[in-house]
Amino acid sequence: MNTGYLWLLGTAVAWSFSGVFTKLNSQPGFLISAVSSVVALLFYFIIIRPTIRVSKLVVAAGIAAYLMGITFTYANKLTSVGSAIVLQYSSMAFVALYEAIEQRRVPPVRKVFVIVMALSGMVVFFLDSLSFEHVLGNLLAIISGAFFGLMFFLNAKRGSSPVTSAMISCAISVLPGLLFLPQLPHVAPREWALMAAGGIVCSGLANVCFARGIKRAQPLTANLITMLEVVFAPTWAFIFFHESFGRFALVGTVLIIGSIIVNLVLEQREKSSRALQFGSENACSKRAL
């Protein structure tokens, strides 16, 4: 089994705790993000000690990650949580679009099928909380999805450095938090602990897992696997806050997991087909000699 898939699953689990840490904290979102980002940067420098590689590609991926996060934050304020998440995961369609533009060809049918299946699962999962009345919030969620897809697309490229890009994103996130410095004395010890946990788990560990996974998987596959975040997050909400699942959550979960399995099976068949074709071409070349 491709170990990249396990790292991406770990990414989804780590990302999924973000809502729990945020909901238990009464501080403003920008302050939470800034403090968590500082903790994440310390985690990188002290524990991970990555090799810093800076290039246009790495900086672009970092900016894409930051813009994805900030647009998603505002989308959540202007539309329902379900709508924001569903529309943000239009990122899969954007990944396919970016690849099609780069390769100058229409996405294969299997990718279109898997994307439609996964998005259908998302819609069904959050069917009870979807709202299309808040146009601006929905638009911001789609923009967030475009940057989310761009983050996957850029970090999968040769020469990328996902951890460095994550550090750039964290550094940018710190800047808005400077406006809330006078509020720091009023932060409770429990809230400091939650922000520290968010920085270590949802940023630090998540991005280390993401960096290792994205190098071993196709961008669309990586996006699909990390989409399991939307299944894990409500599970933690149920455990910690006793929030109930929607009526169609199970059906949506089956479709989401099904889309991942279908994609992995089709991807493996595609690899096997290419390997057989390559072997056949080599055999023909040897006979010709």
Side-chain angles (χ1 to χ4, degrees), residues 4 7-8 11-12 14-15 18 30 33-34 36-75 88-107 111 115 139-178 199 202-227:
W7 285 112
L8 291 165
T11 305
W15 279 349
S18 177
F30 277 120
S33 176
S36 296
S37 295
V38 169
V39 172
L41 287 171
L42 292 173
F43 176 82
Y44 291 132
F45 282 119
I46 297 172
I47 306 298
I48 305 301
R49 299 179 184 178
T51 300
I52 306 296
R53 297 202 309 266
V54 179
S55 66
K56 290 181 180 179
L57 174 64
V58 172
V59 172
I63 294 172
Y66 171 74
L67 291 175
M68 177 272 295
I70 195 66
T71 49
F72 186 65
T73 297
Y74 278 103
Q88 190 201 37
Y89 270 95
S90 61
S91 56
M92 291 176 292
F94 283 106
V95 169
L97 175 62
Y98 300 144
E99 289 180 335
I101 292 172
E102 182 181 54
Q103 299 168 7
R104 297 182 179 178
R105 65 184 179 90
V106 177
K111 284 190 177 182
I115 290 170
L139 178 60
L140 283 173
I142 293 172
I143 293 172
S144 179
F147 286 121
F148 199 22
L150 186 61
M151 186 185 81
F152 280 96
F153 178 71
L154 294 176
N155 279 311
K157 285 184 166 296
R158 185 186 299 275
S160 66
S161 178
V163 171
T164 305
S165 295
M167 293 172 73
I168 290 171
S169 176
C170 286
I172 298 172
S173 298
V174 172
L175 299 177
L178 297 176
C202 305
S203 293
L205 291 175
N207 286 317
V208 169
C209 290
F210 178 77
R212 297 190 178 188
I214 195 68
K215 293 296 186 181
R216 296 171 173 84
Q218 296 294 321
L220 178 61
T221 301
N223 202 172
L224 280 166
I225 294 173
T226 55
M227 191 173 68

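Fair warning: this is a prediction, and the values are worked out from it, not measured in the lab.
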Asks: Could you tell me the separation between the OH atom of Tyr66 and the OG atom of Ser37, rounded to the nearest 0.5 Å?
Replies: 9.5 Å
Asks: How long is the gap from CD on Glu99 to NZ on Lys111, to the nearest 0.5 Å?
Replies: 3.5 Å
Asks: Can you tell me if OH on Tyr98 sees more than 12 non-hydrogen neighbours from other groups inside 6.0 Å?
Replies: yes
Asks: Looking only at non-hydrogen atoms, find the nearest pair between Arg53 and Ser160 and report the distance.
Replies: NH2-O, 2.8 Å
Asks: Between Leu220 and Ile115, is there a side-chain heavy-atom distance shorter than 4.5 Å?
Replies: yes
Asks: If only atom types and distance count, is the side chain of Lys215 paired as donor or acceptor with the main-chain N or O of Gly4 below 3.5 Å?
Replies: no
Asks: Do the side chain of Ser173 and the main chain of Ser169 share a donor and acceptor less than 3.5 angstrom apart?
Replies: yes
Asks: In Å, rounded to the nearest 0.5 Å, how long is the span from CZ of Phe72 to CD of Gln88?
Replies: 4.5 Å
Asks: Any idea which heavy atoms bring Ala40 and Cys170 closest together, and the distance?
Replies: CB-SG, 3.9 Å
Asks: If I take atom CG from residue Leu57 and atom CZ from residue Arg158, how far apart are they, to the nearest 0.5 angstrom?
Replies: 12.0 Å
Asks: Among all residues two or more places apart in sequence or in another chain, which pass the ring pair (Phe, Tyr, Trp, His ring centres under 6.0 Å) test with Phe152?
Replies: Phe148, Phe210
Asks: Minimum heavy-atom separation for Arg212 and Arg216, please, with both atom names.
Replies: O-NH1, 2.6 Å
Asks: Is the shortest side-chain heavy-atom distance between Met68 and Ser91 below 4.5 Å?
Replies: no
Asks: Is it true that a side-chain atom of Ser90 and a backbone atom of Ala93 form a donor plus acceptor pair closer than 3.5 Å?
Replies: no
Asks: According to side-chain contact (heavy atoms from CB on, under 4.5 Å), who are the partners of Leu67, at least two apart in sequence or on a separate chain?
Replies: Ile63, Ile70, Phe147
Asks: Can you name the residues that form a side-chain contact (heavy atoms from CB on, under 4.5 Å) with Ala211, not counting sequence neighbours?
Replies: Pro162, Val163
Asks: Checking the side chain of Asn207 only, and the main-chain atoms of Ser203 only, is there a donor and an acceptor separated by less than 3.5 Å?
Replies: yes
Asks: Could you tell me which non-hydrogen atom of Ala217 sits nearest to which non-hydrogen atom of Leu8, and how far apart they are?
Replies: CB-CD1, 3.8 Å
Asks: Test your reading of the model: is there a side-chain donor-acceptor pair from Ser165 to the backbone of Val58, 3.5 Å cut-off?
Replies: yes
Asks: Taking the side chain as every heavy atom from C-beta outward, state whether Met167 and Phe45 have any atom pair closer than 4.5 Å.
Replies: yes
Asks: Rounded to the nearest 0.5 Å, how far does CG of Asn223 lie from CD1 of Ile214?
Replies: 8.5 Å
Asks: Check for a donor-acceptor pair, side chain of Arg49 on one end and backbone N or O of Ile46 on the other, with a separation under 3.5 Å.
Replies: yes
Asks: Find out whether Thr164 and Tyr44 are in side-chain contact, i.e. whether some heavy atom of one side chain is under 4.5 Å from a heavy atom of the other.
Replies: no
Asks: Are any non-hydrogen side-chain atoms of Phe43 and Leu205 less than 4.5 angstrom apart?
Replies: yes
Asks: Measuring from Ile101:CD1 to Leu97:CG, what's the distance to the nearest 0.5 Å?
Replies: 4.0 Å
Asks: For the backbone of Leu140 and the side chain of Ser144, can you confirm whether one donor and one acceptor N or O come within less than 3.5 Å of each other?
Replies: no
Asks: On a heavy-atom basis, which atom in Ala65 and which in Met151 lie closest, and how many Å separate them?
Replies: CB-SD, 3.6 Å
Asks: Taking all non-hydrogen atoms of both residues, which atom of Pro107 and which atom of Ala96 are closest, and how far apart?
Replies: CG-O, 4.0 Å
